[in-house]
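Right, one structure below, let's go through it.
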Amino acid sequence: MAEIPENERHPLETGQVILVDKPLNWTSFNVVSRVRNWAHKQVGRRVKTGHAGTLDPLASGLLIICTGKFTKKIEEFQAQKKEYTGTFVIGSVTKSFDLESEVIPYGDYSHIGENEIRAAVSRLTGQIMQVPPIFSAVKVDGKRAYNLARADKELKLDAKAVTLYEFEITRMALPQVAFRIVCSKGTYIRSVARDFGELLGCGAYLSALRRTKIGNFKVEDAQQVDEFLNYPKN
C-alpha cells in the first residue's frame with residue numbers, strides 16, 4: 001500500500017494530544033480502545049493510539065491519549081511530575097492496598113492525632129525507597145506481579161527510589177485522611193498508603209484516588225469519555 005503524503009494526512013495521524021477524564025471502574029486500556037475506534041471512524045483507517053501513564057480501574061482522572069506521530073511523545077509525558085488527590089483510611093489494611101481486595105481491621109488509631117499524621121507525612125516527603133504493590137504491573141521473571149499475586153504466589157519486589165515533591169493533608173476525619181501528592185514517575189500511591197499506615201502503626205489503605213495533573217496538563221481541561229467521541233469530523 002502506497003504511503004499517504006504528509007499533506008493528505010488527517011490531523012489525528014499527524015499527531016494530537018487528547019485529554020480524557022478516566023471514569024472509575026474503567027481500565028486505561030478501555031479508554032484507549034474507545035479512542036482508537038473513534039479515531040478510526042474519523043479518519044477511515046487505523047490511527048496509532050496510546051496513553052501516557054496507566055491509571056488503575058479504581059482511580060479516576062487525567063489520562064493523556066496520544067495519536068499518530070505524537071505517540072512518540074508518550075515517554076516524555078510519562079516522565080513528568082504527576083499530581084493526585086485522594087483518601088487514605090487508617091486502622092485497616094488490604095492485600096492490594098486499595099479497595100480491590102477485602103478490608104481487614106488492623107490496628108487501633110484512637111491515639112493518633114494531627115502530630116502523628118504530620119510526622120508520617122514528613123517521613124514520606126522527598127526521595128524515598130518504595131516497594132511496589134504486589135498487585136501491580138511490575139514484572140517478576142517475565143510475569144506481571146498482579147497475575148502472580150492473584151494466584152497466591154509469594155512475591156518479593158525490590159524497592160526503588162521515587163520522589164514525593166509535595167505531600168499535603170487536606171482533611172482529617174479519622175479514620176479518613178484526605179491528601180494531595182505531587183510525585184515522580186513510577187510512584188505508587190497505594191504503596192504510599194501502606195507506608196503511611198506502617199509509620200502510624202495502625203495500617204492504612206487507599207480508598208479513593210484521582211489524578212489531577214501530569215506536567216502542565218490539568219484534569220479540568222480533560223473531556224469525559226462520551227464527550228470527545230462527539231467531536232465533529234475535520
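Just the heavy atoms: all of them, side chains too, but no hydrogens, waters or symmetry mates, feed the values below. Every value quoted in this text rests on a predicted model; they were computed, and no experiment measured them.
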Assess, by modelled atom type and distance only, whether the side chains of T27 and N30 contain a donor and an acceptor separated by less than 3.5 Å.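 Yes, N30 and T27 have a side-chain donor paired with an acceptor closer than 3.5 Å.
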Would a distance-only check, ignoring hydrogens and angles, find a side-chain to backbone donor-acceptor pair under 3.5 Å from D108 to S110?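 It does hold such a pair.
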Are any non-hydrogen side-chain atoms of C66 and T49 less than 4.5 angstrom apart?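 No, too far: nothing below the 4.5 Å cut-off.
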Closest approach of G186 and Q130, non-hydrogen atoms and distance? O-OE1, 4.1 Å
Which residues pass the side chain to side chain contact (heavy atoms under 4.5 Å, CB included) test with L55, not counting sequence neighbours?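 L55: side chain to side chain contact (heavy atoms under 4.5 Å, CB included) contacts with K22, S28, A59, Y84, R211.
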Could you list the residues that satisfy salt bridge (charged side-chain N to carboxylate O under 4.0 Å, His left out) with D21, not counting sequence neighbours?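 Residues passing salt bridge (charged side-chain N to carboxylate O under 4.0 Å, His left out) with D21: R210.
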Please tabulate, for side-chain N and O atoms in residues 177-185, each donor-acceptor pair with protein atoms closer than 3.5 Å (sequence neighbours left out).
from: R180; atom 1: NE; to: E168; atom 2: OE1; distance (Å): 2.8
from: R180; atom 1: NH1; to: E83; atom 2: OE2; distance (Å): 2.9
from: R180; atom 1: NH1; to: E166; atom 2: OE1; distance (Å): 3.4
from: R180; atom 1: NH2; to: E166; atom 2: OE1; distance (Å): 2.4
from: R180; atom 1: NH2; to: E168; atom 2: OE1; distance (Å): 3.3
from: S184; atom 1: OG; to: T163; atom 2: N; distance (Å): 2.9
from: S184; atom 1: OG; to: T187; atom 2: OG1; distance (Å): 3.4

Consider side-chain contact (heavy atoms from CB on, under 4.5 Å). Of I64, I65, T67, which one does V17 pass it with?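 Considering I64, I65, T67, a side-chain contact (heavy atoms from CB on, under 4.5 Å) with V17 is found only for I64.
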Aromatic rings F196 and F167: how do their planes relate, parallel, tilted or perpendicular, breaks at 30° and 60°?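 Answer is tilted, since the angle falls between 30° and 60°.
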Regarding R190 and D56, does a basic nitrogen lie under 4.0 Å from an acidic carboxylate oxygen? yes
Please determine whether a side-chain nitrogen of the Lys or Arg among E100 and K95 lies less than 4.0 Å from a carboxylate oxygen of the Asp or Glu.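 The answer is no: the pair does not qualify as a salt bridge.
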Ring centre gap for Y188 and F97 strictly below 6.0 Å: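 Centroid distance Y188-F97: not below 6.0 Å, so no.
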